[in-house]
**Q** 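Mind having a look at this structure? Questions to follow.
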2 protein chains.
Amino acid sequence: MREGGLDIQPARRRGLTDEVAENVRQAIFDGSLQLGERLNEVDIAERLQVSRGPVREALVQLKQEGIVTMEWHRGAFIVQLSADDFRELASLRTILEVFAIRQAAVAATQADLDDLCAVVKSMSSAMADQSDFDMIQLDVQFHDALYRASHHGRLWNAWSSIRSQVLLSLVSRRAVNNNYYRDLVIAEHEELLQVISSRDVEACEKAIRGHLSDTYDRLVGTFDGADPAQESAKR
Amino acid sequence: MREGGLDIQPARRRGLTDEVAENVRQAIFDGSLQLGERLNEVDIAERLQVSRGPVREALVQLKQEGIVTMEWHRGAFIVQLSADDFRELASLRTILEVFAIRQAAVAATQADLDDLCAVVKSMSSAMADQSDFDMIQLDVQFHDALYRASHHGRLWNAWSSIRSQVLLSLVSRRAVNNNYYRDLVIAEHEELLQVISSRDVEACEKAIRGHLSDTYDRLVGTFDGADPAQESAKR
DNA sequence: AACATTCTGAATGTCAACAAGAGTCGAGGA
DNA sequence: TCCTCGACTCTTGTTGACATTCAGAATGTT
């Protein structure tokens with residue numbers, strides 16, 4: 001009963017709930033479902049060929065991730081992030097990520113650094129295909145690896161509870177947040193990787209603060225005084 | 001259809017799910033259910049005279065609160081917090097609460113301050129009946145009010161996701177964490193209230209750091225040998 | 001015409017039964 | 001004696017049907 005050197009997870013048995021959640025999540029991100037839209041349980045159940053039980057549990061999961069809201073006897077709706085929501089996400093993410101990078105600077109293993117490096121490399125090679133969506137996902141994956149490198153389970157949970165919202169905010173803004181910044185974003189992540197490798201805690205904090213405020217500035221620029229819904233409508 | 005000055009919530013319709021979750025939560029806190037125990041769905045369902053549907057959803061809710069774990073086809077178990085879990089809770093709570101008090105120092109309304117004050121007063125009057133459990137609940141309620149005063153929805157959610165664990169850790173240690181510290185705890189919360197009222201952000205951060213590290217030190221003392229190595233590692 | 005009321009359709013909340021996985025216990029053999 | 005294998009049982013995962021609630025249309029009244 002030996003455990004080979006490979007530390008892959010044991011192919012987690014996932015029920016239909018996770019399956020449904022993943023499908024709906026993707027449908028929200030790639031725009032198949034409009035923001036603010038009502039999510040009909042029987043509709044989703046029929047479309048995915050499952051019963052309503054797993055669908056309900058999946059919606060609860062998405063509610064915990066903050067990308068849908070649920071009201072008693074009224075159902076689930078996809079959230080529309082307001083400018084205030086946006087500020088909340090930015091500020092909370094900042095304190096979480098500052099803490100994460102400080103922990104990572106101390107506790108990151110070589111494997112963690114390798115993971116981070118792998119994501120950065122994927123970014124560089126993704127330059128070619130010009131897919132904004134992939135780029136955004138890689139961006140978030142880098143930060144996933146950062147949180148993982150901090151080896152702090154509850155910090156990871158806290159990140160998980162806003163991760164989907166962050167991703168949604170990035171995706172829903174991608175139309176106006178065009179690719180002028182792509183090489184800049186890559187450079188910033190490379191810098192983060194380097195500064196983590198250096199184990200310099202204070203430099204890490206400075207770097208992540210700079211990176212997040214840059215990201216935040218780029219994104220709030222797209223609000224220009226308007227509501228998100230109108231923003232996406234005019235594109 | 002006028003809205004009187006009273007800002008009560010519209011009597012939120014709660015389904016059986018929340019009802020079950022509340023029951024199980026209380027059962028965990030007051031010791032009716034032992035730590036590490038398996039939670040049988042049909043057992044809970046029969047005992048509460050409901051079907052398994054709401055029970056399942058309630059268990060998912062408790063899992064999100066971090067006081068039960070769930071495994072595929074194996075069911076739900078009440079968590080047993082280890083010394084590591086404890087450190088995670090302490091560190092994450094610290095950064096959240098530092099942020100919360102800084103926000104509160106700026107954004108707290110008079111009503112928020114009144115709420116905080118009310119809790120402190122309840123603490124003082126609770127001195128008499130010598131109920132540790134009530135005291136702990138008031139302690140957590142004070143911090144609830146603090147997070148509420150920060151007017152940051154997602155920060156509140158982050159607190160919610162560790163709140164039950166914090167409460168559980170306090171409750172499960174109360175036997176050894178006797179009431180030597182009660183007036184000290186009250187004094188600390190009074191100081192927090194005062195410093196928030198003063199709107200001095202830096203003083204607030206200093207106060208909350210002191211309060212949390214005090215609480216943490218008092219609690220880790222109760223581990224007494226459960227994890228000697230890690231115990232000596234810190235401070 | 002404007003408002004209040006009732007009714008109807010549809011969605012969610014809940015339930016009890018069926019299907020499938022995981023643990024257990026004992027028989028059999030090395 | 002110890003290990004392996006397989007059937008059995010208990011629990012969870014899933015399903016389809018029933019009950020409850022909400023929103024809007026239709027109707028009656030002022």
**Q** Grab the CG-P distance between B:Leu48 and C:dT14 for me, whole Å please.
**A** 13 Å
**Q** With a 3.5 Å cut-off and no angle check, do the side chains of A:Asn157 and A:Ser160 form a donor-acceptor pair?
**A** no
**Q** Atom CD of B:Gln49 to atom C1' of C:dA16: distance rounded to whole Å?
**A** 14 Å
**Q** Checking B:Gln103 against B:His151: is there a side-chain donor and acceptor pair closer than 3.5 Å?
**A** no
**Q** Can you check whether A:Tyr147 and A:His152 have ring centres sitting under 6.0 Å from each other?
**A** no
**Q** At under 4.0 Å between heavy atoms, how does the protein contact nucleotides 5-14 of chain D? Give one character per nucleotide, 5' to 3', with B, S or -.
**A** ------SBBB
**Q** Could you tell me whether B:Glu65 and B:Arg163 make a salt bridge, using a distance below 4.0 angstrom between a side-chain N and a carboxylate O?
**A** no
**Q** Is it true that B:Asp114 and B:Gln110 share a donor-acceptor pair across their side chains at a distance under 3.5 Å?
**A** yes
